[in-house]
Amino acid sequence: MADTPNIAVLGAGVVGMTVAKLLQDELRHCNITIIADSFKDDTTSAVAAGIFRPGTSFMGPTDKATKKWINNSWYYWQEILKSSEAPQAGLMAFSSYIFSKTHYNVTRNHLIEDLVPIYRAVDKNELALCGDGWKYGSYFSTVKIGCERYLPWMERKFIEKGGKIVVGKIESFASLPEKYDLVFNCTGIGAKFLCNDHSLVPMRGQVIKVRAPWLKTAFYGDYDTYIIPGFDGIATLGGVRQYDSYNLNVCKYDAAAIMERCCDMLPALKKAEIVAHKVGLRPHRVPVRVEPELINGVKVVHCYGHGGYGVMCSPGTAMDAISMGLDLLKGNAKNKL
Ligand SMILES: Cc1cc2nc3c(=O)[nH]c(=O)nc-3n(C[C@H](O)[C@H](O)[C@H](O)COP(=O)(O)OP(=O)(O)OC[C@H]3O[C@@H](n4cnc5c(N)ncnc54)[C@H](O)[C@@H]3O)c2cc1C
Ligand SMILES: *[C@@H]1O[C@H](CO)[C@@H](O)[C@H](O)[C@H]1NC(C)=O
Ligand SMILES: *[C@@H]1O[C@H](CO)[C@@H](O)[C@H](O)[C@H]1NC(C)=O
Ligand SMILES: *[C@@H]1O[C@H](CO)[C@@H](O)[C@H](O)[C@H]1NC(C)=O
Ligand SMILES: *[C@@H]1O[C@H](CO)[C@@H](O)[C@H](O)[C@H]1NC(C)=O
């Protein structure tokens, strides 16, 4: 390995920032440059509520890898949560109800039931907590990561430790500004346009950010309805999940439907002030791609395609990507390529 490897991380969303920072912590001597065309509030990551609750279809290359990503991510967030920096980092612990009118099982979650401190079925009284007609439900404790705080916090720490940031769009490998010993590809849905990964599909999401400082618990209902508390009293109301849609404009019909579904659950939201409407394209791919590749002789580790779960799972996937990257640098990963 070169004494001071020159490393580029493409992408400054939650995945790129986490890869860059963890890598910096791991390597004593290295030059790491983050290259991206959007940062902080302009990324998909900043649209997300950032709740730690994987969809049951979230999938790595194997069940074992999936579980490992989720487990490592959970403990990464717990570590920050228990530190004095938790609020600056955007970490918040709370509990959530998930209700359904049709099936008990859709309120279960085999990926986190044994991981989070509480995951249990609700009782009759709880079913009557919000809205009418809920038949089934579960209650669980979890955390959320507010990217509006996490991304600036990580960026500050990264720069303090000598990390560099370059603003720019990368059209192809040929347009990388210099020669790098290793490149991490954390471009989210951008990976689709960099070349042709046909298995990466945008899953459009839209949310409403409202002022609801009284809200301390998250609620999920059927049809992708969710209400998630956040920092500064700003809650996230959702949502939609539109497969293969590239529309980045706010759709007023989606907004109306989201508002109606959420107000059915919690009528108090009717009077909440709307702070913003936001749209993002979840980089959906089955499985999520965390994989080394030699492209025109350049050592690349891909880390993209986290779909609707990239905030919660960024640390676990970053750890795997980094260990693949270090193997590549040491030159002992030939058999894996
Ligand atoms: C409505 C909604 C709700 C969500 N809720 C949650 C949730 O509760 N929990 C959760 O875990 N996840 C949630 N997600 C999913 C989460 O937002 C994504 O999985 C995550 O943001 C993906 O992060 P990323 O870093 O891969 O991508 P991004 O945040 O999109 O970052 C990609 C980065 O790559 C850069 N880039 C791309 N292409 C290029 C290029 N050619 N040249 C230079 N730079 C480039 C971009 O500028 C950007 O900096 C939600 C998503 C949406 C839309
Ligand atoms: C790496 O950074 C150091 C100082 O931080 C600098 O002296 C050196 O030239 C850099 N190397 C490369 C390859 O950019
Ligand atoms: C989960 O991660 C923690 C912390 O990294 C580790 O100590 C523990 O062994 C892991 N558990 C499983 C089941 O992988
Ligand atoms: C619900 O899950 C349990 C345990 O995983 C399974 O045995 C049962 O068949 C499921 N029920 C339905 C209706 O899918
Ligand atoms: C990132 O991944 C995509 C999908 O495989 C690929 O087309 C693109 O060339 C990669 N870009 C870089 C710079 O690694």
Side-chain angles (χ1 to χ4, degrees), residues 11 13-19 22-23 44-45 48-81 96 98 103 105-119 138 140-145 147 150 184-189 191-192 197-203 205 218 220 224 226 239 241 243 281-293 300-327 333 336-337:
V14 67
V15 176
M17 279 312 310
T18 305
V19 165
L22 293 187
L23 186 63
T44 307
S45 302
I51 195 169
F52 193 99
R53 179 189 167 268
T56 47
S57 64
F58 180 71
M59 215 187 276
T62 61
D63 285 351
K64 207 170 144 226
T66 314
K67 286 240 166 177
K68 189 174 102 188
W69 288 347
I70 292 173
N71 179 69
N72 286 342
S73 297
W74 174 259
Y75 286 101
Y76 172 88
W77 299 124
Q78 288 302 308
E79 191 111 322
I80 299 178
L81 193 64
S96 179
I98 173 163
H103 295 289
N105 280 8
V106 301
T107 76
R108 303 273 309 262
N109 192 309
H110 69 287
L111 291 172
I112 60 167
E113 278 182 14
D114 298 328
L115 186 61
V116 298
I118 304 171
Y119 207 111
S138 292
F140 60 97
S141 53
T142 189
V143 299
K144 76 163 255 165
I145 305 95
C147 277
Y150 179 71
F184 288 89
N185 187 358
C186 311
T187 48
I189 197 68
K192 185 172 184 76
D197 181 344
H198 294 299
S199 41
L200 189 64
V201 178
M203 181 86 84
Y220 284 84
D224 255 312
Y226 53 85
R241 222 169 265 273
Y243 188 81
L281 305 180
R282 303 173 180 94
H284 176 72
R285 189 180 191 277
V286 182
V288 181
R289 187 171 188 208
V290 181
E291 212 169 63
E293 187 182 13
V300 176
V301 178
H302 300 285
C303 191
Y304 65 79
H306 297 66
Y309 314 104
V311 179
M312 60 155 288
C313 246
S314 51
T317 53
M319 289 171 201
D320 263 9
I322 288 168
S323 87
M324 288 170 190
L326 296 182
D327 277 352
K336 291 184 191 156
L337 288 173

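Heavy-atom basis, side chains included; hydrogens, waters and symmetry copies ignored.
- For the pair Val288 and Tyr309, the minimum side-chain heavy-atom distance is 4.5 Å or more.
- With Val14 as the fixed residue, the side chain to side chain contact (heavy atoms under 4.5 Å, CB included) test singles out one of Thr44, Ile145, Val19, Val311: Val311.
- The side chain to side chain contact (heavy atoms under 4.5 Å, CB included) test applied to Ala49 returns Ile228, Thr236, not counting sequence neighbours.
- Here the closest heavy-atom approach between residue Pro287 and residue Pro61 is recorded as CB-N, 3.8 Å.
- Summarising the geometry, atom CG belonging to Asn109 is positioned 9.5 Å from atom OH belonging to Tyr220; distances are rounded to the nearest 0.5 Å.
- Remark: Met319 engages Leu22, Asn72, Tyr76, Pro315 in a side chain to side chain contact (heavy atoms under 4.5 Å, CB included) (not counting sequence neighbours).
- Taking CG from Leu111 and CE from Met59, the interatomic distance works out to 9.5 Å, rounded to the nearest 0.5 Å.
- At least one side-chain heavy atom of Leu23 sits less than 4.5 Å from a side-chain heavy atom of Leu326.
- Contact detail for Thr107 and Tyr119: the closest heavy-atom pair is O-OH, 2.7 Å.
- Glu113 contributes atom CD, which lies 10.0 Å from atom CZ of Phe140 (distance to the nearest 0.5 angstrom).
- Proximity of Val15 to Tyr304: side-chain heavy atoms (C-beta onward) are nowhere separated by under 4.5 Å.
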_Intermediate values then yes/no, side-chain contact (heavy atoms from CB on, under 4.5 Å), Lys68 and Asp320_ = CA-CA 9 Å; Lys68 189 174 102 188; Asp320 263 9; 3.2 Å; yes
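- Using a 4.5 Å cut-off on side-chain heavy atoms (C-beta onward), His302 and Asp197 make no contact.
- Of all the heavy atoms in Ala191 and Leu200, the pair that sits closest is CB-CD2, 3.9 Å.
- Between Thr18 and Ser314, the shortest heavy-atom contact is OG1-OG, 3.7 Å.
- Surrounding CD of Glu79 are at most 12 heavy atoms belonging to other residues, nucleotides or ligands under 6.0 Å away.
- With sequence neighbours left out, the side chain to side chain contact (heavy atoms under 4.5 Å, CB included) criterion links Arg282 to Met203, Tyr226, Arg241.
- Atoms CZ and CE, on Arg53 and Met312 in that order, are 10.0 Å from each other to the nearest 0.5 Å.
- To the nearest 0.5 angstrom, Thr317 atom OG1 is 9.5 Å from Ile322 atom CD1.
- Taking CD1 of Ile70 as the reference point, atom CG of Asp114 lies at 11.5 Å (rounded to 0.5 Å).
- The nearest pair of heavy atoms linking Gly325 to Phe184 is CA-CZ, 4.2 Å.
- Of all the heavy atoms in Thr66 and Phe58, the pair that sits closest is CG2-O, 3.5 Å.
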